[in-house]
Protein chains: 2
Amino acid sequence: MASVKVLLEGKDFKLTQARKALLDIFVNSTKPLSYEDIKSTLSMDKATFYRNITKFEEQKIINAIESHDKKRYFEIKAKSHAHFICTTCNSVECIKNGIYVTLKNYTISNVILQGICPTCNLANDKN
Amino acid sequence: MASVKVLLEGKDFKLTQARKALLDIFVNSTKPLSYEDIKSTLSMDKATFYRNITKFEEQKIINAIESHDKKRYFEIKAKSHAHFICTTCNSVECIKNGIYVTLKNYTISNVILQGICPTCNLANDKN
DNA sequence: TCTTAAATGCAACTGAGTCGCATCAAATAG
DNA sequence: CTATTTGATGCGACTCAGTTGCATTTAAGA
Ligand SMILES: [Mn+2]
Ligand SMILES: [Mn+2]
Ligand SMILES: [Zn+2]
Ligand SMILES: [Zn+2]
């Protein structure tokens, strides 16, 4: 888990309270988060949130995943890995057990799996 | 390529002009299409378009892919296959050369690959 | 042909994300 | 430590894909 300080070294932008608080949340999360997910724990205007996310993406500090619920989910950029999106509960999970896909002439930068997560699968079995 | 007639057999809804025209477009497309893609070739209100798409999804005639451009792309439901979304030109392609991904305890219904398509890769190389 | 339930078009709405602008606060020079 | 500057913030207005309510039309079938 990278520290906020290390992430910001040598980046050319101001170290504001908002940015430190934002990165702190992402550094301590095990899964990608949307603005919706964190707006209550973070008093920050959504314009500021999204502008900072854009900066972080430019600086390759943060990564975005588009879910099927029309929201974007963000995470600290780490070793490339796939993501699973549950179409029942909308959760987004990191899948770090090596899934590699290649395709001739294509450059693949992201693999997204959609389906039903273990929790929702279990809940379904009970009915 | 399934015919429109076959697709509609035994489905419990009215066979309107709009629905026939809509399915005709999808049956003759090699790639998923958005409302944006077809609105000029089809004189149909967008409310009607989306309501019919919803019906078709319920009847398992049509399949949706959410792109990263915040639009939904639709195709006739066929044998399950992966999709490639180009983050440069936003095109959505069907990948029918068997890509299979499984994950213990998860039900995977869709595989989406994001990256750069051959066309955009070539264009990039020239610069 | 008549009846009726479902489908359509239109306009108003929703909700995630963006933008312009006035104000504020990091960074840095004095 | 204070003053200046420039980028960051908050707010409200806006965008745009998709949705909804409602009055009108049309497919189906009696
Ligand atoms: Mn991840
Ligand atoms: Mn396809
Ligand atoms: Zn789930
Ligand atoms: Zn492309």
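Quick note: numbers below take in every heavy atom, side chains included, and nothing from hydrogens, waters or symmetry partners. Please read all numbers here as calculations on a predicted model, not as lab measurements.
Cluster membership check: Met44(A) shares its hydrophobic cluster with Leu33(A), using side-chain heavy-atom separations under 4.5 Å among Ile, Leu, Val, Met, Phe, Trp and Tyr.
A salt bridge links Glu36(B) with Lys39(B): the distance from a Lys NZ or Arg NE/NH1/NH2 to an Asp or Glu carboxylate oxygen falls below 4.0 Å. Taking the charged nitrogens against the carboxylate oxygens, Lys31(A) and Glu93(A) have no contact shorter than 4.0 Å, which rules out a salt bridge.
Atom OH in Tyr35(A) sits roughly 13 Å away from atom P in dT9(D) (whole-Å rounding). dA7(C) atom P lies 17 Å from atom CZ of Phe49(B), rounded to whole Å. Atom pair Leu33(A):CG and dA16(C):P shows a separation of 16 Å (rounding to whole Å applied). Rounded to an integer number of Å, the gap from Glu36(B) CD to dG18(D) P is 9 Å. For the pair Gln59(B) CD and dA6(C) P, the interatomic distance rounds to 13 Å; values are reported in whole Å. The distance between atom CD of Glu66(A) and atom P of dG18(D), rounded to the nearest whole Å, is 14 Å. Atom CZ of Arg19(B) and atom P of dA27(D) are 11 Å apart (whole Å). The interatomic distance linking Asn52(B) (CG) with dG18(D) (P) rounds to 15 Å, in whole Å.
His68(A) and Asn90(A) share a donor-acceptor pair across their side chains, judged by distance under 3.5 Å alone. In this model, a donor atom of one side chain and an acceptor atom of the other lie less than 3.5 Å apart for Asn121(A) and Thr107(B). Checking His81(A) against Asn97(A) by side-chain atom types alone, no donor-acceptor pair falls below 3.5 Å.
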Close N/O contacts between protein and nucleotides 19-24 of chain D (under 3.5 Å):
unit_1, atom_1, unit_2, atom_2, d
dG21(D), O6, Arg51(B), NH1, 3.1

Review point. What string of B, S and - do you get for nucleotides 22-30 of chain C, 5' to 3', when a contact is any protein heavy atom under 4.0 Å?
Key: ---BBS---

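Nearest nucleotide to the side chain of Lys71(A), out of dG18(D), dA16(C), dG10(D): dA16(C).
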**Study point:** CA sep, side-chain torsions, deciding dist, call: Ser34(A), Asp37(A), side-chain hydrogen bond (donor to acceptor under 3.5 Å, both in side chains)
**Key:** CA-CA 5 Å; Ser34(A) 67; Asp37(A) 289 334; 3.2 Å; yes

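Formation of a donor-acceptor pair under 3.5 Å by the Asn28(A) side chain with backbone atoms of Asp24(A) is found in this model.
Within the cation-pi definition used here (under 6.0 Å to the ring centroid, within 45° of the axis), Arg19(A) qualifies as a partner of Phe13(A).
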